[in-house]
Amino acid sequence: MQKADKKISIALVDDHRLFRKGLLGLIEMVDDNIDVLFEADNGIDMQKKLADLNQLPDIILMDINMPEMDGFESVTWLNKNYPAIKVLVVSMVENEESIIKMLKLKVKGYLSKDVEPAELGDALNAIMSKGFYYTDFITGKLVHT
């Protein structure tokens with residue numbers, strides 16, 4: 001996958017701290033062209049951290065199941081308040097209803113948490129260069145709906 005010309009700035013929104021820290025390590029391992037601006041536990045935490053930033057992330061990696069403000073509510077809020085921020089869903093939720101609901105909210109990609117680390121780097125770079133990244137699994141779900 002072709003890397004983006006400029007550094008990609010991202011944020012992680014997931015209620016599992018260990019997963020976020022592991023994801024940070026993987027990101028650093030697979031791509032040195034990525035800056036992590038912040039981590040958040042849920043959508044409410046994300047809102048607070050976005051308000052304090054001078055620079056917005058290019059992409060937010062978003063989980064679906066989170067307390068207080070879940071991924072659906074968070075993406076809806078982002079679309080209204082920060083429509084330029086792209087969202088890559090990274091979740092264990094793989095049911096068709098959730099995937100389609102997220103795609104209707106115009107997320108730019110959807111990854112399962114069990115993908116290979118290199119695919120995460122591919123997804124981030126594709127979103128920056130092409131505007132989207134959908135796996136065969138996701139496109140297969142779309143074809144059958």
Side-chain angles (χ1 to χ4, degrees), residues 1-4 7-50 53 55-145:
M1 175 62 57
Q2 179 181 342
K3 289 195 176 195
K7 280 213 174 237
I8 301 169
S9 60
I10 68 167
L12 307 175
V13 182
D14 191 297
D15 59 324
H16 295 99
R17 184 170 301 161
L18 184 61
F19 176 76
R20 287 195 321 259
K21 296 301 182 194
L23 195 55
L24 284 173
L26 288 174
I27 289 167
E28 290 170 359
M29 185 176 76
V30 300
D31 198 326
D32 59 0
N33 198 40
I34 297 172
D35 284 330
V36 179
L37 299 182
F38 68 85
E39 301 172 47
D41 292 322
N42 56 53
I44 293 171
D45 192 23
M46 172 195 71
Q47 288 177 0
K48 291 175 188 169
K49 291 183 177 178
L50 281 170
L53 288 178
Q55 172 194 356
L56 294 177
D58 297 310
I59 303 171
I60 292 181
L61 283 69
M62 179 79 63
D63 191 13
I64 292 178
N65 290 330
M66 297 179 289
E68 298 182 52
M69 186 175 194
D70 68 16
F72 299 115
E73 295 167 311
S74 298
V75 172
T76 300
W77 183 87
L78 282 168
N79 287 341
K80 182 178 179 187
N81 295 280
Y82 295 97
I85 298 175
K86 299 165 182 71
V87 176
L88 171 62
V89 175
V90 182
S91 181
M92 289 304 296
V93 177
E94 293 184 356
N95 66 61
E96 284 184 28
E97 182 181 326
S98 294
I99 293 168
I100 291 167
K101 186 173 180 182
M102 275 299 188
L103 294 175
K104 285 182 177 178
L105 289 173
K106 301 179 183 148
V107 299
K108 302 304 179 189
Y110 197 112
L111 289 178
S112 170
K113 285 184 177 178
D114 66 357
V115 299
E116 291 295 326
E119 189 166 0
L120 176 61
D122 290 347
L124 292 170
N125 283 294
I127 289 170
M128 289 304 293
S129 64
K130 296 189 303 188
F132 64 92
Y133 181 84
Y134 298 118
T135 63
D136 291 341
F137 173 77
I138 298 304
T139 53
K141 293 283 186 198
L142 289 175
V143 168
H144 296 306
T145 58

Does either side chain, that of Ser9 or that of Asp35, offer a donor lying less than 3.5 Å from an acceptor on the other one?
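No donor-acceptor contact under 3.5 Å links the two side chains.
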If you look only at pairs with a residue in residues 68-96, which of them pass as a ring-ring contact (aromatic ring centres under 6.0 Å, His included), with sequence neighbours excluded?
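Sorted result for residues 68-96: Trp77-Tyr82.
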May I ask you to decide if [Y]'s main-chain N or O and [X]'s side chain share a donor-acceptor pair within less than 3.5 Å?
| X | Y | value |
| --- | --- | --- |
| Asn79 | Leu105 | yes |
| Lys106 | Lys86 | no |
| Glu73 | Asp70 | yes |

For the residue pair Asp14 and Val90, establish whether any side-chain heavy-atom pair is separated by less than 4.5 Å.
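SC-SC contact between Asp14 and Val90 ruled out.
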Close side-chain approach of Leu78 and Met62, heavy atoms under 4.5 Å:
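Contact flag for Leu78/Met62 side chains = yes.
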List the steps and the verdict of salt bridge (charged side-chain N to carboxylate O under 4.0 Å, His left out) for Asp41 and Arg20.
CA-CA 9 Å; Asp41 292 322; Arg20 287 195 321 259; 2.7 Å; yes
What is the distance from atom CG of Asp58 to atom CG of Leu37, rounded to the nearest 0.5 Å?
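Taking CG in Asp58 and CG in Leu37, the distance rounds to 8.0 Å.
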Separation between CG of Leu120 and CD1 of Ile10, rounded to the nearest 0.5 Å:
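So the gap between those two atoms works out to 7.0 Å.
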Salt-bridge criterion met for Glu39 and Arg17 (N-O under 4.0 Å)
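No salt bridge links Glu39 with Arg17.
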Please report the shortest heavy-atom distance between Met46 and Ala40, naming the atom on each side.
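Met46 and Ala40 have their closest heavy atoms at N-CB, 3.6 Å.
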Tell me whether Lys49 at atom NZ has more than 12 heavy atoms from other residues, nucleotides or ligands lying less than 6.0 Å away.
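Buried by this count: over 12 neighbours within 6.0 Å.
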